[in-house]
Amino acid sequence: MKNLPAIAALVFSVALLAALSVFLSLAVSGIQRSGECLHLTQARWQEVETPGFSAPPASLDSRSLPQTWHAAALPLSLHPSAKALATPAAVITWVRLDVDGAQSVAESRVLYGARLKTDGPIAIYINGKLMYRAQQRGQQWNSLFTPLWVSLEPGINDAPVREILIRLERTPSYAVAVSSLWLGPADALRGRYQIRRWLQQGLPGMLNAAFLAVGIFGLFVWLRRRHDPGYLLFFNLSAIAFAAHLHYYVDLPIAHDWFGWVVLNSFCWLLTTVHFFLRLLHGRPLRWLGRGMIAASLLIGVASLPLPWALPNTAPLLAMFYAVELLMAMVVGIVGGICTWRSSQEGRLMVVGLAICVLLGISDWAMHNNVASPEGWFLGAYTNGVTFIFFGLLMYRRYVNAIEEVEQVNASLAERLRLREAELEQSHQRLREIEQRQLLSDERQRLMQDMHDGLGSTLISAIRSVEQGRMRDTEVSQLLKDCMDDLKLAIDSMEPVEADLLLLLATLRFRLEPRMESANVALIWDVKELPALDWLDPSSALNILRIVQESVANILRHTRATAIRVATAVDGTGVQVVIDDNGQGFDVAATLWRGGGRGLQNQQRRAQAIDGRVAWVSGETGTRFTLWLPLQRGDLVST
């Protein structure tokens with residue numbers, strides 16, 4: 001059921017193509033009206049020797065011809081006689097068809113036939129009047145693939161057709177052939193004509209163009225993969241095949257001998273390319289066969305040159321050349337098949353395709369030499385289609401194999417990536433453990449240093465003062481309370497505050513509020529929401545707590561204030577902690593300059609350690625202390 005959408009899409013596509021085929025078939029069909037047409041299958045023929053090709057007269061009475069007619073059935077194939085081969089004169093083959101059926105003149109009529117075969121001019125007389133001419137300059141290389149279609153318009157020849165006289169000129173060594181003819185309405189015969197023309201010319205042309213297009217695609221692949229000559233050979237094969245089959249579907253009359261030379265020799269080049277392609281698949285050099293193919297191609301190419309000093313391009317020689325090419329194809333196929341049968345499945349496919357092409361080529365040879373009926377089909381036109389199908393199978397196999405290889409490689413990469421991720425996770429876990437141990441060690445070191453410099457030194461001073469009797473009990477008690485506050489602040493700094501400065505200040509408030517109450521100092525807590533300080537770690541928290549604690553302690557000790565206001569605010573790229581008191585104030589500059597304010601200097605030092613700054617504004621009505629802290633610290637931003 002998972003493939004149901006794909007199956008539905010496939011069924012729809014096939015049904016659409018089938019419907020289009022039926023529609024096109026009905027559009028060109030006219031075969032069902034065959035009862036309206038005359039199928040002419042009986043004729044009389046005779047041959048007359050002439051000194052050479054001549055223009056047919058505009059009208060001709062068959063009674064003026066020699067009355068040496070021979071009755072024959074159509075299709076008719078006539079081979080050159082030994083007597084004719086001995087004479088240099090041209091020969092005119094006359095074929096006369098007597099039409100007995102009644103023919104309507106109210107609509108257009110046509111004369112249709114599969115083909116007329118000769119190497120000289122063709123003329124057709126209807127009731128003694130010349131109605132059709134072809135091959136006026138001699139043999140056309142593409143004339144055998146276009147069916148005969150002679151239109152008899154009303155008014156031009158409005159009498160019932162009584163006689164059809166066909167004039168076929170030829171060289172003495174050439175064999176002529178005449179298929180059976182159909183006479184009837186154009187609409188009734190047009191489908192038959194178009195189907196034959198499409199199957200003999202249109203479809204081979206489409207296959208040839210598709211084969212060349214795929215070959216050009218192979219060329220572009222080879223331009224990116226120069227180390228793989230198979231794609232270049234494939235392009236070479238498609239280009240040669242395109243030239244070798246051009247005469248099947250080119251609709252222009254082509255009588256040039258050089259065109260025939262290209263067509264004839266293209267088959268040799270095609271077979272040579274196939275041999276090298278097979279050699280690429282099975283890996284055996286077979287130099288003797290390669291040299292033989294090249295030598296045979298050169299010999300046929302030189303022998304068939306349309307030049308005065310070369311051999312004449314007579315029908316027997318052309319038939320011999322084609323026979324040699326068929327022999328070359330069989331040799332290439334047999335040797336290639338033996339070499340590739342066990343080593344390369346692609347080679348076997350190619351050999352099977354070559355064998356089918358040889359069979360199709362044999363049918364063409366039989367048609368050219370009147371061995372087969374002139375109403376048959378030139379199946380050689382489909383060798384490109386066969387080649388295209390088999391090479392398409394090769395490309396399909398390679399494409400599917402490439403996808404499977406890519407999937408296997410992707411699976412292997414995914415597995416390696418999974419293992420690598422596991423290794424990285426283990427490494428990362430070890431690094432985190434090391435980092436955690438390092439953090440614990442650093443924090444332990446920091447606490448030890450802080451307690452040694454602060455709490456430890458204060459206790460040592462207190463112990464000495466007590467031992468020397470220089471401190472009163474109240475002073476000792478206050479000093480011990482300060483030590484206790486220092487210890488509590490150190491402990492508080494270890495609590496997680498999650499970058500929340502207000503939470504840190506609330507902790508300090510909890511510690512200092514009892515001392516303020518005992519000193520009868522009112523605490524005004526006026527803090528507001530602040531953005532998070534991502535850099536706020538235990539070390540930075542302890543510095544902030546000590547700065548604020550020092551400020552509050554100085555107020556309680558020296559200013560005689562009765563109220564302390566703690567507020568927060570956002571200031572540009574930082575935040576502020578502001579502490580106001582209503583005490584007597586002090587000279588900030590003088591205190592800092594004399595060096596007596598160790599507490600103020602400690603606040604400055606601690607603020608600088610966390611990229612902050614402190615400021616005092618003092619007067620007779622009180623002092624304002626400001627601690628500015630950045631939102632982002634420089635060292636953290638750079639990382």
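Treat the numbers as computed from the prediction; the structure is a model and nothing was measured. In what follows, every heavy atom counts, from backbone to side chain, and hydrogens, waters and symmetry copies are set aside.
Residues L627 and A607 come closest through the heavy atom pair CD1-CB, 4.4 Å. Across all non-hydrogen atoms, the minimal contact from L233 to T273 is O-CG2, 3.8 Å. Of all heavy-atom pairs between L203 and Y382, the closest is CD2-CE2, 3.6 Å. Across every non-hydrogen atom of L502 and K528, the tightest pair is CD1-O, 3.2 Å. In plain terms, the two heavy atoms of G585 and S618 that are nearest each other are CA-OG, 3.1 Å. Smallest separation of non-hydrogen atoms from W628 and D611: CZ3-O, 3.8 Å.
E423 and R420 are joined by a salt bridge, as a carboxylate oxygen and a charged side-chain nitrogen come within less than 4.0 angstrom of each other. Checked for salt-bridge contact, R398 and E405 miss the test: no charged N lies under 4.0 Å from a carboxylate O.
When side chains are defined from C-beta on, N602 does not count as touching E550, because their heavy atoms never get closer than 4.5 Å. F625 is not listed as a side-chain neighbour of D581, based on a closest heavy-atom distance of 4.5 Å or more. Using a 4.5 Å heavy-atom threshold, the side chains of L278 and V335 count as separate. Counting heavy atoms from C-beta outward, L289 and R279 have side chains that stay 4.5 Å or more apart. Two residues are said to be in side-chain contact when any heavy atoms from C-beta on lie closer than 4.5 Å; T383 and Y248 fail this criterion. Counting only heavy atoms from C-beta outward, the side chains of M516 and V552 approach each other to under 4.5 Å. Side chains of N401 and E404 form a contact here, defined as non-hydrogen atoms less than 4.5 Å apart. Counting heavy atoms from C-beta outward, V214 and S238 have side chains that stay 4.5 Å or more apart.
Contacts of S427 classified as side chain to side chain donor-acceptor pair (under 3.5 Å), with partners at least two apart in sequence or in another chain: R430. With sequence neighbours excluded, the residues satisfying side chain to side chain contact (heavy atoms under 4.5 Å, CB included) with R565 are I524, D526, A567, D580, R624.
Residue R560 qualifies as open at atom CZ: its count of foreign heavy atoms under 6.0 Å is 12 or below. With a 6.0 Å radius and a threshold of 12 heavy atoms from other residues, nucleotides or ligands, Q429 has its CD atom above the threshold. The 12-atom threshold is not exceeded at CZ of F217, counting heavy atoms of other residues, nucleotides or ligands nearer than 6.0 Å. Remark: R287 CZ is loosely packed, at most 12 non-hydrogen atoms of other residues, nucleotides or ligands lying under 6.0 Å away. Other residues, nucleotides and ligands place no more than 12 heavy atoms under 6.0 Å from the CZ atom of R224. Around CZ of R509, the count of heavy atoms belonging to other residues, nucleotides or ligands within 6.0 Å exceeds 12. Surrounding CD of E415 are more than 12 heavy atoms belonging to other residues, nucleotides or ligands, all under 6.0 Å away.
Judged by distance alone, the side chains of S540 and D537 do bring a donor and an acceptor atom under 3.5 Å apart. Inspection of the Q345 and R348 side chains reveals no N or O donor paired with an N or O acceptor under 3.5 Å.
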Candidate pair L219 and Y231, rule side chain to side chain contact (heavy atoms under 4.5 Å, CB included), full reasoning: CA-CA 6 Å; L219 172 64; Y231 292 99; over 6 Å; no

Intermediate values then yes/no, side chain to side chain contact (heavy atoms under 4.5 Å, CB included), L246 and F259: CA-CA 9 Å; L246 204 60; F259 179 81; 3.9 Å; yes

Working for side chain to side chain contact (heavy atoms under 4.5 Å, CB included), residues L556 and I564: CA-CA 9 Å; L556 295 177; I564 296 175; 4.3 Å; yes

Trace of the salt bridge (Lys or Arg N to Asp or Glu O under 4.0 Å) decision for E421 with R418: CA-CA 5 Å; E421 286 178 347; R418 188 187 64 78; over 6 Å; no

Working for side chain to side chain contact (heavy atoms under 4.5 Å, CB included), residues F235 and L223: CA-CA 11 Å; F235 167 70; L223 291 176; over 6 Å; no

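Judged by distance alone, with hydrogens and angles left aside, the side-chain atoms of S266 form a donor-acceptor pair with the main-chain N or O of V262 at under 3.5 Å.
Atom CZ of F211 is separated from atom CG of L207 by 10.5 Å, given to the nearest 0.5 angstrom. Atoms CG and CZ, on L393 and F388 in that order, are 10.0 Å from each other to the nearest 0.5 Å. Rounded to the nearest 0.5 Å, atoms OG1 (T387) and CZ (F234) are 9.5 Å apart. For the atom pair D571 CG and L631 CG, the distance stands at 9.5 Å (nearest 0.5 Å). Residue D500 holds its CG atom at 9.0 Å from CG of L505, rounded to the nearest 0.5 Å. In this structure, the separation between CG on L629 and OG1 on T573 is 11.0 Å, given to the nearest 0.5 Å.
With a 6.0 Å cutoff to the six-membered ring centre and a 45° limit on the axis angle, R225 does not count as a cation-pi contact of W222.
For the side-chain hydrogen bond (donor to acceptor under 3.5 Å, both in side chains) with N582, the lone residue among T559, T623, T562, T621 that qualifies is T562. Evaluated for a side-chain contact (heavy atoms from CB on, under 4.5 Å) with F390, the options V351, I356, L354 yield exactly one hit, I356.
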